[in-house]
Amino acid sequence: MGTVGTSADEIAAGERRRLINVAYRLLGSVTEAEDAVQDAYTRWYGLLRRRREEIVSPGARLTTVTSRICLDLLGSARARRERYVGAWLPEPLPDRTEWSHAGAGGVNVTGRAGPAASADPADPADQIVLDESVTMAFLVVLESMTPAERVAFVLHDVFRYPFAGIADVLGRTPAACKQLAASARRRVSVARAPVPATGRADVVRQVKEAWETKDIAALVALLDPAAVMTADGGGMVGTVLHPLEGGARIAQYMVAIADRAPGLELLERSVNGAPGLVARRAGVVATVAAFDVSDGRVTRIWAVRNPEKLRPWEREG
């Protein structure tokens, strides 16, 4: 059942970080991921202690329960998002290790000791490992999958969970789950190989400088002619309700935003582990933007403005 002398409850408690990582990739929401994991633990402790101690692998059991909860949430999320005002985007994740005002010591989001770690390691957003499987581009692709495809793909391809265990989550045969993962994999393979972080950072920095100086020509040069910008305000703040297409149109819109928001401060920050920008006004984070880059130009911009999705960024203000 694990380490000799370690109780099932102790083993289960040590699984929380991994479960948060699984749930965020399945749901694209820090808040919903935390709720799903909390629900899984509630069910765990709802079992008789004797029954908990009989479970051979508490981690596998909790992963199965958490994934089933996420599967149910993914099914209902489709209906909720049909009523959502404007485009829906995953919640962006900060990397607080790069914030100069963060406290010294502690543990950062990747679990390593660092000089700029979060002051509150219990925050679910601080538990999520920032890698290519949580970039905004990747999460948007996951959103295009069916709930079953997403569960099969994330559990197997990202977390190396066996198809026999995934079958238990989805109520299908291992062979069927393998087909679901293969179908999801084809969707992901359509996406390009990611540009190295240094290349992306240079482009994002140039976008920031052009935006600050309201240089439309420079922005147009940095944006792919077929670039697309998607914004998520959730009906709570003003923004475009439909994706904005075309580098020239996007550049004009960005400059118009700067004109309407004097004192807007742009900061280079990692967004879901990739170079991005944070727009802050009067010390309050108003927008978090993620970018996709190809051949030295921005091809996609995902701008999250819904205040409810910016809560993990509150300490940035």
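Numbering of residues begins at 1 and proceeds along the displayed sequence.
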Might you work through the side chain to side chain donor-acceptor pair (under 3.5 Å) test for Thr31 and Arg311, ending with a clear yes or no? CA-CA 9 Å; Thr31 304; Arg311 288 173 182 169; 5.1 Å; no

If you count the non-hydrogen atoms of other residues, nucleotides and ligands that lie under 6.0 Å from NZ in Lys208, is the total more than 12?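 Yes, enclosed.
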
Test side chain to side chain donor-acceptor pair (under 3.5 Å) on Tyr24 and Ser133; report intermediate values, then the result. CA-CA 10 Å; Tyr24 175 73; Ser133 69; over 6 Å; no

Relative to each other, are the rings of Tyr41 and Tyr45 parallel, tilted or perpendicular (30° and 60° limits)?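 Tyr41 and Tyr45: parallel rings.
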
Take Arg300 and Asp224 through the salt bridge (Lys or Arg N to Asp or Glu O under 4.0 Å) test and state the conclusion after the steps. CA-CA 9 Å; Arg300 293 296 304 262; Asp224 187 278; over 6 Å; no

Less than 4.0 Å between a side-chain N and a carboxylate O, is that true for [Y] and [X]?
{"X": "Asp168", "Y": "Arg68", "value": "yes"}
{"X": "Glu245", "Y": "Arg249", "value": "no"}
{"X": "Glu143", "Y": "Arg150", "value": "yes"}
{"X": "Glu53", "Y": "Arg50", "value": "no"}

State, yes or no, whether a side-chain contact exists between [X] and [Y] at a heavy-atom distance under 4.5 Å.
{"X": "Val151", "Y": "Cys70", "answer": "no"}
{"X": "Leu223", "Y": "Arg297", "answer": "no"}
{"X": "Glu34", "Y": "Arg16", "answer": "yes"}
{"X": "Val204", "Y": "Leu277", "answer": "yes"}
{"X": "Arg52", "Y": "Trp44", "answer": "yes"}
{"X": "Asp39", "Y": "Thr66", "answer": "no"}
{"X": "Leu142", "Y": "Leu139", "answer": "yes"}
{"X": "Phe163", "Y": "Arg172", "answer": "no"}

Taking [X] for its side chain and [Y] for its backbone only, find out whether a donor-acceptor pair lies under 3.5 Å.
{"X": "Ser183", "Y": "Gln179", "result": "no"}
{"X": "Glu149", "Y": "Thr146", "result": "yes"}
{"X": "Asn272", "Y": "Leu93", "result": "yes"}
{"X": "Thr213", "Y": "Glu209", "result": "yes"}
{"X": "Asp232", "Y": "Gly234", "result": "yes"}

I'd like a table of donor-acceptor pairs (distance under 3.5 Å, sequence neighbours excluded) in which one partner is a side-chain atom from residues 281-290, with atom names and distances.
residue	atom	partner	partner atom	Å
Arg281	NE	Pro262	O	3.3
Thr287	OG1	Arg305	NE	2.9

Tell me, with the steps shown, if Glu91 and Asn306 meet side-chain contact (heavy atoms from CB on, under 4.5 Å). CA-CA 9 Å; Glu91 291 182 19; Asn306 184 338; over 6 Å; no

Please report the shortest heavy-atom distance between [X] and [Y], naming the atom on each side.
{"X": "Leu74", "Y": "Leu26", "value": "CD2-O, 3.1 Å"}
{"X": "Phe153", "Y": "Ala184", "value": "CB-CB, 3.5 Å"}
{"X": "Arg200", "Y": "Pro275", "value": "CB-CG, 4.0 Å"}

Any link between Leu222 and Val228 through a network of hydrophobic side chains (Ile, Leu, Val, Met, Phe, Trp, Tyr) touching at under 4.5 Å?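 Leu222 and Val228: separate clusters.
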
Run the numbers on Trp302 and Asp292 for side-chain contact (heavy atoms from CB on, under 4.5 Å), then give the verdict. CA-CA 9 Å; Trp302 297 281; Asp292 204 11; 3.7 Å; yes

Worked verdict on Tyr253 versus Leu219 for side-chain contact (heavy atoms from CB on, under 4.5 Å): CA-CA 11 Å; Tyr253 179 75; Leu219 284 172; over 6 Å; no

State whether a side-chain donor-acceptor pair under 3.5 Å links Arg25 with Asn21.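 Arg25 vs Asn21: donor-acceptor pair found between side chains.
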
Would you check, one step at a time, whether the test side-chain contact (heavy atoms from CB on, under 4.5 Å) holds for Glu132 with Phe138? CA-CA 7 Å; Glu132 285 296 332; Phe138 191 84; over 6 Å; no

